[in-house]
There are 2 protein chains.
Amino acid sequence: MDFKEFIENGEKLYLPNLSVDMVIIAFHQGQIKCLLLQIGDKWLLPGGYILRTESVEDATVRILRERTGLKDPHFKFLSVFGGEDRKFTEEWRQFLENNDIHFTEGCWLNDRFVTLAHYSLVDFEKTQPVLGDIDAAFQWFNMDDLPNMWMDHKDIVLTAKERLKEDIKQEQLTYNLLPNEFTMPQLHQLHEAILGEPLDRSRFQKKMIASGIFERLPKLKKESPGRNPYQYRVKKA
Amino acid sequence: MDFKEFIENGEKLYLPNLSVDMVIIAFHQGQIKCLLLQIGDKWLLPGGYILRTESVEDATVRILRERTGLKDPHFKFLSVFGGEDRKFTEEWRQFLENNDIHFTEGCWLNDRFVTLAHYSLVDFEKTQPVLGDIDAAFQWFNMDDLPNMWMDHKDIVLTAKERLKEDIKQEQLTYNLLPNEFTMPQLHQLHEAILGEPLDRSRFQKKMIASGIFERLPKLKKESPGRNPYQYRVKKA
DNA sequence: ATGATTTGTGTCACTTTGCCACAAAAAAAA
DNA sequence: TTTTTTTTGTGGCAAAGTGACACAAATCAT
């Protein structure tokens, strides 16, 4: 289905006025990044719509897979964004004009949308972003340094950033951001990056090991200076 | 607007395929209860739809006010329920037949609905439930002893029950379930009822006082046996 | 008065947290 | 080769927090 058909017939396939947006988060070079797509001169979150024949959860997984190529991606519900004026009329108009596509005022995409925002933690190395039909580019942006974005999409990213801070105090989910095998210093740096503050190395290590969800691999890994760290991986049931 | 007009013209006023459901929770006689409405011989959560001209949050407050008469009710987002088969066709058919209302197969209410579930903590004494046009009755049900309910509404209530357990460990929000002025034993019993397990009285009291959000009122309150407890209220900014 | 009941608060061992130190390992420098 | 520098693993200890219990104070019933 090309974009023109999508504009014309999308409302038969998808639930109207409802979208799913994804804050796809990765860890690279010591920084927390999120994946954005470019349409026109602005950036927006990867997202999509819910087929009338699929559940919200299925739609979320489908959208994630389409964009990241990952088979079984991590994701978690973030929040509803449901302002009464949440329309993208101006954004669509600009894009359609620039691409010589006929602009229909009453198009379903021009209506108000309530979005179900999710966030997803992915392994930077394993993620191969895929462009949609109309996306000009993708790029990983530092979460502290976001570009011009559509409407409230920046708010959504910032909400995800705050949410992640809360969540990692409770659950162990950050390993989704690392390769299968990782070291404690890596995990430590990751947590510091998420929380934006220094964490005591000693206690961090003890706490992680005490959590019991990781198993130490006897292997060591060789690198530059210093002592070689152990590697760990998540215990399998 | 009567119900017939609501069936026929509702889709012009409201966002389609999207609803708001409320788990309205109160504390009465030592037990956690939630407010349900009766339609036909089954029970369901108070809920409603989102006007095209109002935000999701405004819709939530409006629905809560309509049902409870409270000016400024507490509420919190709970979860999205978005299964692909989430339709109330059978439930509506039964109700409409029993009430001699013409049944339209293609009615917007018969379509699939994604619901945005919220929960609300209210003061039992201050809450004056109001019946909707089509509700046969309302009743406070013990959260552990729910009647036959529409579709997944029981799941929603149970999700709220679990969520409340998590939330009170983090934030102080249970005072919404008590009168403005309350005693520590009352708050203690409330927490025990929510968590379903005994809590040490001494530590509970210290912790609550240490949280700093309550102020002790010098007054005492007289009752049956035992020593008279202090009263507390939430500190005002 | 006496006793039962309820409420407020103290104690004390135990655990968790925050902070620092130091030893072990490995590359880099001398 | 020896020394220095960098990084990682682990231990210790005071301070704060937690859990379980004890006991005193206040009030009603007898």
Side-chain angles (χ1 to χ4, degrees), chain A residues 27 29-30 165-172 174-175 178-179 181-235, chain B residues 27 29-30 165-172 174-175 178-179 181-235:
Chain A
F27 182 57
Q29 294 178 336
K165 277 192 199 177
E166 303 301 318
D167 282 3
I168 71 166
K169 289 174 190 164
Q170 299 262 293
E171 325 170 49
Q172 224 52 279
T174 46
Y175 56 78
L178 293 173
E181 301 182 355
F182 54 89
T183 68
M184 277 300 153
Q186 278 180 293
L187 193 61
H188 178 238
Q189 283 166 27
L190 171 55
H191 277 238
E192 286 192 334
I194 290 173
L195 294 172
E197 61 185 21
L199 285 177
D200 182 73
R201 215 167 37 84
S202 168
R203 232 186 56 69
F204 178 81
Q205 202 141 325
K206 282 179 212 162
K207 204 169 170 179
M208 288 301 125
I209 292 172
S211 79
I213 65 166
F214 303 121
E215 60 182 340
R216 174 181 284 184
L217 302 178
K219 326 171 190 173
L220 302 185
K221 194 180 162 189
K222 291 185 178 179
E223 268 174 46
S224 39
R227 181 172 174 173
N228 283 342
Y230 290 97
Q231 289 199 271
Y232 292 84
R233 71 175 168 210
V234 180
K235 271 188 194 168
Chain B
F27 181 57
Q29 294 178 335
K165 277 192 198 175
E166 302 302 318
D167 283 2
I168 71 166
K169 289 175 190 165
Q170 299 261 295
E171 328 169 48
Q172 222 53 277
T174 45
Y175 55 78
L178 293 174
E181 301 182 354
F182 54 88
T183 67
M184 278 300 153
Q186 277 181 294
L187 194 60
H188 178 238
Q189 284 165 28
L190 171 55
H191 277 237
E192 286 192 334
I194 290 174
L195 295 173
E197 60 185 21
L199 285 176
D200 182 74
R201 221 167 33 86
S202 168
R203 231 183 52 71
F204 178 81
Q205 202 141 326
K206 282 181 211 157
K207 205 170 173 180
M208 289 300 126
I209 292 171
S211 78
I213 67 166
F214 303 121
E215 61 182 340
R216 174 181 284 183
L217 302 179
K219 327 171 190 172
L220 303 183
K221 194 179 162 191
K222 291 186 180 178
E223 269 172 45
S224 39
R227 181 172 173 174
N228 283 343
Y230 289 97
Q231 289 199 271
Y232 291 84
R233 69 175 170 212
V234 179
K235 272 187 193 168

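Chain letters run A, B, ... following the sequence lines, proteins first and then strands; every chain starts at 1. All values below come from the heavy atoms of this structure, side chains included, with hydrogens, waters and symmetry mates left out.
Within the shown strands, D:dT18 is the pairing partner of C:dA13 under the Watson-Crick or G-U definition, both distances less than 3.5 Å.
Rounded to whole Å, the distance from CZ on B:Phe204 to C1' on D:dG17 is 17 Å. If you measure from atom CG of A:Leu220 to atom C1' of C:dA27, you get 15 Å, rounded to the nearest angstrom. Look at CG on B:Leu199: it is 16 Å from C1' on D:dC21, rounded to the nearest Å. If you measure from atom CG of B:Leu217 to atom P of C:dG8, you get 12 Å, rounded to the nearest angstrom.
For B:Asn228 and D:dT27, the shortest distance from a side-chain N or O to OP1 or OP2 is below 4.0 Å.
Taking CD1 from B:Ile213 and OH from B:Tyr175, the interatomic distance works out to 5.5 Å, rounded to the nearest 0.5 Å. Rounded to the nearest 0.5 Å, atoms CZ (B:Phe27) and CD1 (B:Ile194) are 8.0 Å apart. Here the straight-line distance linking atom OH of A:Tyr230 with atom CD1 of A:Ile209 works out to 9.5 Å at 0.5 Å rounding.
Contacts between residues 186-197 of chain B and DNA chain C, defined by a heavy-atom separation below 4.0 Å, involve no residue at all.
Nearest heavy atom pair, residue A:Phe214 against residue A:Met184, reads CD1-CE, 4.2 Å.
Under the 4.5 Å side-chain criterion, counting only non-hydrogen atoms from C-beta, A:Thr183 is not in contact with A:Tyr232. Between B:Gln172 and B:Val234 the shortest side-chain heavy-atom distance does not fall below 4.5 Å.
A donor-acceptor pair is defined here as one N or O able to donate and one able to accept, closer than 3.5 Å; no such pair exists between the side chain of A:His188 and the backbone of A:Gln205. Judged by distance alone, the side chain of A:Glu215 and the main-chain N or O of A:Lys235 form no donor-acceptor pair under 3.5 Å.
If you check D:dC28, D:dT6, D:dG9 against the side chain of A:Met184, the one that comes closest is D:dG9.
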Can you name the atoms? Protein N/O to nucleotides 9-13 of chain C N/O, anything below 3.5 Å, with the distance.
from: C:dT9; atom 1: OP2; to: B:Arg216; atom 2: NH2; distance (Å): 3.0
from: C:dG10; atom 1: O6; to: B:Ser202; atom 2: OG; distance (Å): 2.4
from: C:dT11; atom 1: O4; to: B:Lys206; atom 2: NZ; distance (Å): 3.1

